[in-house]
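Index from 1, following the sequence. Every heavy atom of this structure was used, including side-chain atoms; hydrogens, water molecules and symmetry mates were not.
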Amino acid sequence: MVRFNDIVEAVQKYNPNADIKTLERAYVFSAQAHKGQIRLSGEPYLIHPLEVAYILTRMSLDIPSIVSGLLHDTIEDSFVSKEDIEEYFGKEVAELVDGVTKISQMQLKPSEDSRAESLRKMILAMSKDIRVILIKLADRYHNMQTLKFLSEEKQREISKETFEIYAPLAHRLGIEWMKGDLEDESFKYLYPNEYKAIAERVAKKKKERDAYIEEVIELLKEKFAQFKLNAEISGRAKRFYSIYKKMKLERLELDDIYDLTAFRVIVNEVKECYLALGLIHAFFKPIPGKFSDYIALPKANMYQSLHTKVIGPRGEKIEIQIRTHEMHRLAEEGIAAHWKYKEGKVFDPKVDNVFGWLRRLIDAQQENKDNREFIEDFKINLFPDEIYVFTPRGDVKELPKGATPVDFAYAIHTHLGHMCVGAKVNGRIVPLRYTLKSGDTVEIITNPTHKPSKDWLGFVKTSKARSKIRQWIKTEQREQSIELGKALIEKELAKHDLSFSKMLKSGELLNIAKDFSFENVDDFFASVGYGLYTPLQALGKVIPEEEKPGKLKRLISTIKRKKDAPIKIKGVEDMVVSFAKCCNPIPGDKIFGFITRGRGITIHTADCPNIETYDEQRRVEVTWDLGKEVTFPVRLKISSDDRKGLISDISTVMAMNNANIISAKAMTYPDKSAAGIYVVEIGHISQLQKIIKSVQKIKGVKSIERLRGLA
């Protein structure tokens with residue numbers, strides 16, 4: 001348990017002249033504000049702000065930040081107002097506490113609009129003062145340590161949010177220890193069985209591992225001493241989530257993983273990093289392709305180290321990081337190490353080159369009004385590893401791992417991206433979907449008359465390339481639809497001896513557009529061009545009544561919505577509804593509808609990769625009509641051991657959950673494993689989730705996953 005004196009001692013180590021009196025006043029203020037309050041753990045509430053403040057000292061943050069850590073919950077959870085804090089501690093602290101309070105009040109709800117709005121507010125808070133998010137990260141870090149006192153549902157909800165938002169933020173801010181701890185804590189609640197298995201394996205081999213670590217450290221010290229190289233050497237078990245990722249990536253079982261140990265070598269100077277690397281490679285056999293130089297080419301968050309993987313003394317693979325003391329400090333403190341508020345220097349993401357990703361996030365939230373695309377941009381800017389490529393002039397461009405020449409072109413300039421027809425990498429012509437690597441020199445081949453392709457959305461990686469391609473496609477398709485709509489309406493009017501130009505001039509067509517809730521005639525024309533309305537429907541009010549019967553009735557009768565489709569369509573009635581085979585949505589899935597010419601509205605899941613190719617103008621809001629009982633076929637892949645009675649057990653679980661198996665196909669393999677593809681009738685996502693949980697408990701079942709599509 002942290003005491004106030006622990007915070008004072010920690011601050012004085014890196015800031016001997018710190019204003020301790022202000023810290024003491026904040027401690028007393030927080031104690032009074034939270035007096036009588038108890039956390040779910042049964043501890044006094046004051047323990048939480050003390051822990052948060054202490055975590056902030058690990059990043060060597062300034063006094064206003066530590067004070068704000070002590071006060072961060074006073075506005076939300078007590079009688080204190082922002083004005084009270086400003087009166088006692090000044091405007092700077094009041095703004096920090098208010099910023100943290102606003103982020104804490106955000107709810108990353110399942111609703112895409114609510115989620116996007118919360119993320120936009122978070123970015124706005126970061127752009128005003130990055131310390132706000134550092135305090136919030138410390139708050140979330142301690143809350144994750146006490147998550148066991150919440151309900152299972154709440155544990156999973158908070159862990160998912162932490163894993164998707166806060167752990168990547170910690171990584172982007174350069175705080176690697178926090179990122180790793182947050183991932184491990186989230187992993188514990190999101191995948192409890194896998195976490196437990198790895199934790200037990202690591203704990204079981206603790207004595208053996210500790211002895212191995214000591215052996216490797218002594219060997220390295222002996223080797224370094226021969227060359228008079230002073231170094232701090234430490235070793236530890238690899239993080240649980242890191243082990244799990246390796247299992248998934250390389251399709252290994254836990255017993256097949258041997259490199260569970262990582263080492264760190266800390267020296268005084270950069271040249272000593274390379275000396276240490278040379279000695280390690282001379283002593284232990286290096287593994288080809290497993291060396292990264294983040295000193296010569298730092299990561300985007302300014303992280304620097306040499307990373308290598310070698311064969312250890314017992315034939316096991318071990319990872320070793322080599323860095324200077326200063327590099328280690330930067331890795332511990334993250335972004336806070338790059339500026340000092342006590343010197344009066346304020347971090348400005350618009351001009352500071354350290355964190356271009358934050359600048360891109362700020363630009364994205366300002367420019368991208370579509371919530372789905374904005375959330376996608378947010379994740380792209382948070383998650384990727386970086387590569388560094390060169391222009392023909394030798395300028396360096398930072399791109400996400402997996403980027404292509406098209407991403408490179410758009411990173412240079414939007415028009416260069418639009419005109420891109422080919423590329424040369426290191427002097428050799430490559431396809432546009434070629435995956436770039438660090439060190440590549442890229443030259444873009446252009447054609448002034450060339451236009452972007454929809455197909456590019458299938459392989460570009462940067463949010464800028466995606467947004468610019470979509471923007472161009474929307475503009476192009478909208479213009480084409482407006483022209484097509486005009487032509488169709490003009491043709492329909494001519495059939496009834498009505499003048500298109502006169503009706504446009506008189507404003508009659510604008511009145512018709514407003515009847516359909518469009519603000520202008522171009523939107524109205526576009527809706528006809530897209531196929532949302534036929535010309536006859538659109539002109540229903542101006543076509544003479546005697547000419548309507550027959551035609552209109554026959555038309556409407558062909559577009560009646562399926563009576564049994566459990567779908568409600570916002571703002572649209574009487575449309576044919578079909579369900580996309582590529583993603584196979586079922587009730588409870590997040591869904592979107594897209595207008596398709598001749599096929600009415602097609603329903604896709606929100607995460608269907610194919611919706612990227614659809615024009616946003618064709619999208620309509622749809623919801624499930626849960627009052628209708630309809631079942632949908634769902635494909636499930638079940639991986640397991642090959643044992644007698646397994647299929648019978650699976651069938652029993654399905655029956656107990658009121659699910660009918662339509663078809664089943666099982667395969668066995670020489671290693672005594674098996675896999676089965678089951679097509680099951682499902683009425684709702686909640687039913688599917690129960691089935692998945694039940695099947696996971698069957699003896700011998702290793703995994704169960706829902707497959708997209710019905711192919």
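- Side-chain contact between Val421 and Leu432 is absent, with no heavy atoms from C-beta onward closer than 4.5 Å.
- Distance check, rounded to the nearest 0.5 Å: CG of Asn584 to SG of Cys608 gives 10.5 Å.
- Looking only at side-chain heavy atoms (C-beta outward), Val634 and Glu681 stay at 4.5 Å or farther from each other.
- For Trp456 and His450, the distance between ring centers is under 6.0 angstrom.
- The minimum heavy-atom distance between Val622 and Gly593, with the atom names listed, is CG2-N, 3.5 Å.
- Contact of the Lys590 side chain with the Thr605 side chain is not registered, since no non-hydrogen atoms from C-beta on lie closer than 4.5 Å.
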Please report the C-alpha distance between Arg470 and Leu457 in whole Å, then the side-chain angles of each, then the deciding distance to 0.1 Å, and finally whether the side-chain contact (heavy atoms from CB on, under 4.5 Å) criterion is met. CA-CA 8 Å; Arg470 284 182 181 135; Leu457 291 172; 3.9 Å; yes
Test side-chain contact (heavy atoms from CB on, under 4.5 Å) applied to Leu504 and Leu510, step by step: CA-CA 7 Å; Leu504 189 61; Leu510 177 60; over 6 Å; no
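- Contact between Ala411 and Lys397 at its shortest, heavy atoms only, is O-NZ, 4.5 Å.
- What you find for Ala465 and Val460 is that their closest heavy atoms are CB-CB, 4.1 Å.
- To the nearest 0.5 Å, the span separating OG1 on Thr162 from CD on Glu157 amounts to 10.5 Å.
- The residues Glu519 and Lys514 are annotated as not salt-bridged, no charged nitrogen and carboxylate oxygen being separated by less than 4.0 angstrom.
- Ring-plane geometry between His604 and Phe594 is classed as perpendicular, the angle between the planes exceeding 60 degrees on a 0 to 90 degree scale with a lower cut at 30.
- Residues Leu493 and Phe500 share a closest heavy-atom pair of CD1-CA, 3.9 Å.
- With rounding to the nearest 0.5 Å, the separation of OG1 in Thr631 from CD in Gln687 is 9.0 Å.
- How far NZ of Lys468 is from NE2 of His415: 9.5 Å, rounded to the nearest 0.5 Å.
- Side-chain contact between Ile704 and Lys637 is absent, with no heavy-atom pair separated by less than 4.5 Å.
- Smallest separation of non-hydrogen atoms from Leu190 and Lys160: CD2-N, 3.9 Å.
- Contact check for Leu399 versus Thr462: side-chain heavy atoms found under the 4.5 Å cut-off.
- Ion pairing between a basic and an acidic side chain is recognised when a charged N comes within 4.0 Å of a carboxylate O; Lys486 and Glu490 show no such pairing.
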Validation: residues 423-431 side-chain donor-acceptor distances under 3.5 Å, sequence neighbours left out:
| unit_1 | atom_1 | unit_2 | atom_2 | d |
| --- | --- | --- | --- | --- |
| Asn426 | OD1 | Thr441 | N | 2.9 |
| Asn426 | ND2 | Asp440 | OD1 | 3.1 |

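- Aromatic rings of His418 and Tyr410 (six-membered ring for Trp) have centroids within the 6.0 Å cut-off, being under it.
- Residues Ile603 and Phe592 fail the side-chain proximity criterion, which asks for heavy atoms closer than 4.5 Å.
- Within the model, atoms OG of Ser453 and CH2 of Trp472 stand 9.0 Å from one another, a figure rounded to the nearest 0.5 Å.
- Proximity of a side-chain donor or acceptor of Asp589 to a complementary backbone N or O of Ile586 within less than 3.5 Å is detected.
- A salt bridge between Lys502 and Glu508 is absent, with no side-chain N of the basic residue lying under 4.0 Å from a carboxylate O of the acidic one.
- The pair Asp407-Lys461 does not count as a salt bridge, with every side-chain nitrogen at least 4.0 angstrom from each carboxylate oxygen.
- A 4.5 Å side-chain heavy-atom check between Val680 and Ile662 finds every atom pair outside the cut-off.
- Counting all heavy atoms, side chain and backbone alike, Asp522 lies closest to Ile482 at O-CG1, 3.6 Å.
- The structure places CG of Asn511 at 11.0 Å from CZ of Phe524, a figure rounded to the nearest 0.5 Å.
- Within the 4.5 Å cutoff, the side chain of Leu509 has heavy atoms near those of the Phe525 side chain.
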